[in-house]
Number of protein chains: 2
Amino acid sequence: MIAIGQAAKVSDLPVKTVRYYDEIELVKPSGRAANGYRLYDETDIRKLVFVRHARVFGFSLATCRELLDLYENPSRTSKEVKEITSQRLEEIRQKMNELRHLYNELSHLKNNCHGDARPNCPIIDFLAETKECIAP
Amino acid sequence: MIAIGQAAKVSDLPVKTVRYYDEIELVKPSGRAANGYRLYDETDIRKLVFVRHARVFGFSLATCRELLDLYENPSRTSKEVKEITSQRLEEIRQKMNELRHLYNELSHLKNNCHGDARPNCPIIDFLAETKECIAP
DNA sequence: GTTAAAGTCTCCTGTTGCTGGAAGGTCAAC
DNA sequence: GTTGACCTTCCAGCAACAGGAGACTTTAAC
């Protein structure tokens, strides 16, 4: 049983984050010392690391909770896990498409901008465009 | 001079957002009616639309403020605008790379997962991996 | 034995960009 | 005169923490 500082170091998370995960009841320490210090055992550490890994993939804390439940549930099915993973992959794909779109449009604007000392700028012009809503 | 509801409709922003932009002094209404109602003129509307467009590209409100300053500044240089745009493009590129990376790793895990009724799951195994920090 | 540093605790605030709701004032139509 | 659509302010909350205050304990050095 180790205190929060060590737990944070071993699981490679900030102390603040570990405390936060306790607060929201995502990963609670197995016990408390007589002085009130949180005490983490190896199982707790495994959960912290598990959550850290899941967070890297961008899973929300809500989804991390689900995954953690599955992790701990010996009668889970890999189907459930795969389902959650598919959803995340779909999110990532959508986000990537969005960004690609923005990137193309914005770099197009950039390429048309002289980038010199004059005020004339197609980027500003585009952002200021009001054809859609205000009559000129 | 129109009230906030019309201003919101014309600029295609939620009323709440327009009010918020006033509060943070990003786009303030030109005046107030005797009854306290916010009053927006055409210039205000143009600014609201400008911000909406910039937001679509993912510019933060802080950056929108800069862009709005440049928009209003007749002695701006297109160089400044292009610079800000380049930064945003770089951000987008980084984000895209990140996502591509995550996507590849995660879809690799997914492909190795049977997705059946058994509990065995390489995705869970990967997330639970503690080689880095805990001795087995 | 004392003291200084490091670790821990709880509680509160701030971040970004809004959104929703409560309680109340105002205005036009019927 | 009253309904309904506006408008006002203020307060709470979302995600996922980070920073800091103020108070305690523990550990290490001298």
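None of these values were measured; they are calculated from a predicted model. First the proteins, then the strands, lettered A, B, ... as listed; each starts at 1.
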Any donor-acceptor N/O pair, B:Ser78 side chain to A:Asp116 backbone, under 3.5 Å:
yes
Verify, without hydrogens or angle tests, whether A:Lys47 (side chain) and A:Val27 (backbone) share a donor-acceptor contact under 3.5 angstrom.
no
N/O (side chain, A:Arg32) to phosphate O (OP1/OP2, C:dT8) under 4.0 Å
no
Let's see if you can work this out: which of C:dC27, C:dT8, C:dC18 has an atom nearest to the side-chain heavy atoms of A:Tyr37?
C:dT8
Counting only heavy atoms and a strict 4.0 angstrom limit, can you tell me which residues of residues 57-64 of chain A come near DNA chain D?
A:Ser60, A:Leu61
If every non-hydrogen atom of A:Glu105 is compared with every non-hydrogen atom of A:Phe126, which pair is closest and at what distance?
OE2-CZ, 3.5 Å
Is it the case that the side chain of B:Asn112 and the backbone of B:Leu109 share a donor-acceptor pair, with hydrogens and angles ignored and the cut-off at 3.5 Å?
no
From B:Arg52 CZ over to B:Leu13 CG, what is the distance, rounded to the nearest 0.5 angstrom?
6.0 Å
DNA chain C contacts among residues 14-26 of chain B, heavy-atom distance under 4.0 Å:
B:Pro14, B:Lys16, B:Thr17, B:Tyr20, B:Tyr21
Among pairs that include at least one residue of residues 61-71 of chain A, which meet side chain to side chain donor-acceptor pair (under 3.5 Å), considering only residues two or more places apart or in two chains?
A:Ser60-A:Thr63
How about A:Lys28: does its NZ atom have over 12 heavy atoms from other parts shown lying under 6.0 Å from it?
yes
Compare side-chain N and O positions of B:Arg65 against OP1 and OP2 of C:dG17 and report whether any pair is under 4.0 Å apart.
no
Each residue besides B:Tyr37 in its hydrophobic cluster should be listed here, by chain and number; the cluster joins Ile, Leu, Val, Met, Phe, Trp and Tyr at side-chain heavy-atom distances under 4.5 Å.
none
List, by chain and number, the other hydrophobic cluster members for A:Met1, where Ile, Leu, Val, Met, Phe, Trp and Tyr join if side-chain heavy atoms come within less than 4.5 Å, directly or indirectly.
A:Leu39
If you define the side chain from C-beta out and look only at heavy atoms, does anything of A:Ile92 sit under 4.5 Å from A:Met96?
yes
Of all nucleotides in DNA chain D that come within under 4.0 Å of a heavy atom of chain A, which is furthest toward the 5' end and which toward the 3' end?
D:dA16 to D:dT26
In whole angstroms, how far is the C1' atom of C:dG25 from the CD1 atom of B:Ile4?
16 Å
